[in-house]
Participant: 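Pasting a structure here, questions to come.
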Amino acid sequence: MSGQRLTILGATGSIGSSTLDVIAQHPQRFELFAVTAHSNVTAMEAICQRFTPSYAVMVDEQAATRLREALADKPQITVLAGAQALLEVSAASEVDQVMAAIVGAAGLAPTLAAVKAGKRVLLANKEALVMSGQLFMDAVQHYGAELLPVDSEHNAIFQCLTTHAQTTLGQVDLEAEGISKILLTGSGGPFLNLPVNELNQQTPAAACKHPNWSMGQKISVDSATMLNKGLEYIEARWLFNCRREQLDIVIHPQSVIHSMVQYSDGSVLAQLGQPDMKTPIAHCMHYPHRRSSGVKALDFTQLGALTFVAVDEQRYPCLRLAQQACWQGQAATTALNATNEIAVENFLAERIQFGQISEVCDRVLQQLQMPALGSIDDVVAFDKKVRRVASECVEALT
Ligand code: NDP
Ligand code: MG
């Protein structure tokens, strides 16, 4: 594998910058074709000065104008504006790999554009898969895209699968592979040991202070509610073609084991590593080879105990909602994802309290009629509708 050209969707974010760090370590192997962001001009300018990609996309038009001015001394870089340009740099014929690292539903269309162009798609943007499930996996198969999971748990599971199972992602027959269970691990987030009656007073800053991982704000709040684990449960269902009884979650506060696969002979395979996303990112970028990610190996003499506990459902009502929605049908997971995005946005803006995130999700899911979603257009239209209902629900609470 030589000279792989990459587009990074969401280059200014946490996953985006870890991806850039991996590229910087292997300048002969990877070439940056395009980087995209929403509106962070300062971060985008720094990326462009450091890497000189061919294209830089800002979804926000004014941000694009400012970036063009800032890059006046770099005529090699074409600055594009608007959401349509995301699709173009995802599907461009020059591109080999697309890192899908936009946060939230905004990532669906450009990630699908990469899928439809048959690219190697490195999937961090779990919301895209949660909101479109089977439709997304069908598109991967239909267009011959190569989907590789970046999310650390799913990357860990992927690493614990046989080569045959890896190449049939989405259609894998777990039983035929001798797999009895997929075990997702989760740290429990920053509020694992807080008395349950103190959860509601927690501020956005406290919710974003994850004990083990450094991540964007939205996923950090999702980790505190454990809705992140719920989204990952749904993500795992689609990636590994699981039935309900084949998928479980266990709390592992140290985040050393990133997930496990239990085989029918009693063996359990686990993937271990530092809580640093450069490991799964580099794994996907170099796959099927193994090369340096820049992450230090674990020092087992310094690790201490690895512990595991069952999930406390009372503490994490969002997780239960996600597990229910997962087996209820596509519309339920689309609705949960959209409602959660609205609720988290309002929690971060200090308009609702921490405990109201689950309350909004619960109310909206109960209130909605769940239609059949037969196409991506149906998904997008339903997502829009749910956002309106969720915003009204937030208004009613505030
Ligand atoms: P960040 O918030 O750090 O970054 C988000 C990126 O998306 C930024 O580049 C941002 O641009 C861009 N963006 C935001 N809104 C839009 C929009 N409407 N249209 C286009 N681009 C947009 O997020 P993370 O890097 O933490 O997470 C990215 C994805 O990866 C999420 O889906 C998350 O669940 C997943 N993930 C993240 C992990 C992590 O460790 N961070 C681990 C596993 C999965 P701008 O800077 O201009 O706002
Ligand atoms: Mg994860």
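Residues take their numbers from the sequence shown, with the count starting at 1. Order of appearance sets the numbers: ligands from 1, and atoms from 1 within every ligand. Values below: all heavy atoms of this structure, side chains included; hydrogens, waters and symmetry mates excluded.
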Participant: Do any nitrogen or oxygen atoms of Asn40 lie less than 3.5 angstrom from nitrogen or oxygen atoms of ligand 1?
Facilitator: yes
Participant: What's the shortest distance from atom 18 (N) of ligand 1 to any protein heavy atom, and which residue and atom give it?
Facilitator: Ala106 CB, 3.4 Å
Participant: Just say parallel, tilted or perpendicular for the rings of Phe158 and His283, cut-offs at 30° and 60°.
Facilitator: perpendicular
Participant: Using distance alone, with no hydrogens and no angle criterion, decide if Glu127 and Asn125 have a side-chain donor and acceptor under 3.5 Å apart.
Facilitator: yes
Participant: When hydrophobic residues are tied together by side-chain contacts of less than 4.5 Å, even through go-betweens, does Leu272 share a cluster with Phe308?
Facilitator: yes
Participant: What protein heavy atom lies closest to atom 45 (P) of ligand 1? Include the residue and the distance to one decimal.
Facilitator: Thr12 OG1, 3.4 Å
Participant: Between Ser39, Gly10, Ser214, which one has a non-hydrogen atom sitting closest to atom 47 (O) of ligand 1?
Facilitator: Ser39
Participant: Just by distance, no angles: are the side chains of Gln25 and Asp21 close enough, under 3.5 Å, to form a donor-acceptor pair?
Facilitator: no
Participant: Which option, Val103, Thr42, Ile15, owns the non-hydrogen atom nearest atom 14 (C) of ligand 1?
Facilitator: Val103
Participant: Which residue and non-hydrogen atom of the protein lie closest to atom 3 (O) of ligand 1, and at what distance in Å?
Facilitator: Ser14 N, 2.9 Å
Participant: So which protein heavy atom does atom 26 (O) of ligand 1 come closest to, and at what separation?
Facilitator: Gly216 N, 2.9 Å
Participant: When you compare ligand 1 with Glu127, is there at least one nitrogen or oxygen pair between them that comes in under 3.5 angstrom?
Facilitator: yes
Participant: Which of the numbered atoms in ligand 1 are under 4.0 angstrom from any heavy atom belonging to Met277?
Facilitator: 40 (O), 42 (C), 43 (C)
Participant: Need the ligand 1 atom indices (1-based, order shown) with element for anything under 4.0 Å from a heavy-atom of Val59.
Facilitator: 19 (N), 20 (C)
Participant: Relative to the ring of Tyr55, is the ring of Phe33 parallel (under 30°), tilted (30 to 60°) or perpendicular (over 60°)?
Facilitator: tilted
Participant: Which residue and atom name correspond to the protein heavy atom nearest atom 33 (C) of ligand 1, and how close is it?
Facilitator: Ile219 CD1, 4.0 Å
Participant: Which atoms of ligand 1 have any heavy atom of Ala37 under 4.0 Å away?
Facilitator: 11 (O), 47 (O)
Participant: Taking only non-hydrogen atoms of Lys126, do any sit less than 4.0 angstrom from ligand 1?
Facilitator: yes
Participant: Establish, from distance only, whether the side-chain atoms of Lys119 and Ser90 form a donor-acceptor pair under 3.5 Å.
Facilitator: no
Participant: Which of the atoms of ligand 1 are close to Ala101, meaning less than 4.0 Å from one of its heavy atoms?
Facilitator: 6 (C), 7 (O), 28 (C)
Participant: Give the atoms of ligand 1, by number and element, whose distance to some non-hydrogen atom of Asp151 is under 4.0 Å.
Facilitator: 43 (C), 44 (C)
Participant: Does one side chain, of Tyr287 or Glu146, offer a donor that lies under 3.5 Å from an acceptor on the other?
Facilitator: no
Participant: What pair of heavy atoms forms the shortest contact from Asn40 to Ala43, and how long is it?
Facilitator: OD1-N, 3.0 Å
Participant: Looking at atom 35 (C) of ligand 1, what's its closest protein heavy atom, distance included?
Facilitator: Ala124 O, 3.1 Å
Participant: When you measure from the side chain of Thr7 to the backbone of Val89, do you find a donor-acceptor pair of N or O atoms at a distance under 3.5 Å?
Facilitator: yes
Participant: For the Mg ion (ligand 2), what is the number of protein N, O or S atoms at a distance under 2.8 Å?
Facilitator: 3
Participant: Side chains of Asp377 and Ser375: any donor to acceptor distance under 3.5 Å?
Facilitator: no
Participant: Give a yes/no on ligand 1: does Ala43 have at least one heavy atom closer than 4.0 angstrom to it?
Facilitator: no
Participant: Decide if the gap between the ring center of His286 and the ring center of Phe30 is smaller than 6.0 angstrom.
Facilitator: yes
Participant: Of the backbone atoms (N, CA, C, O) and the side-chain heavy atoms from C-beta on, which set of Met58 has a member under 4.0 Å from an atom of ligand 1: side chain, backbone, both, or neither?
Facilitator: neither
Participant: Do Thr279 and Gln274 have side-chain atoms, one donor and one acceptor, less than 3.5 Å apart?
Facilitator: no
Participant: Among all protein heavy atoms in this structure, tell me which lies nearest to atom 16 (C) of ligand 1, with the distance rounded to 0.1 Å.
Facilitator: His38 CB, 3.7 Å
Participant: Minimum heavy-atom separation for Asp60 and Ser39, please, with both atom names.
Facilitator: CB-CB, 3.9 Å
Participant: Kindly indicate, with the supporting measurements, whether the criterion salt bridge (Lys or Arg N to Asp or Glu O under 4.0 Å) is fulfilled by Glu392 and Arg363.
Facilitator: CA-CA 11 Å; Glu392 283 162 19; Arg363 282 192 190 192; over 6 Å; no
Participant: With the threshold set at 4.0 Å, does a side-chain nitrogen-carboxylate oxygen contact exist between Glu45 and Arg66?
Facilitator: no
Participant: What is the closest protein heavy atom to atom 29 (C) of ligand 1, and at what distance does it sit?
Facilitator: Ile102 O, 3.7 Å
Participant: Picking from Ile249, Thr225, Leu199, Val311, what satisfies side-chain contact (heavy atoms from CB on, under 4.5 Å) with Tyr316?
Facilitator: Val311
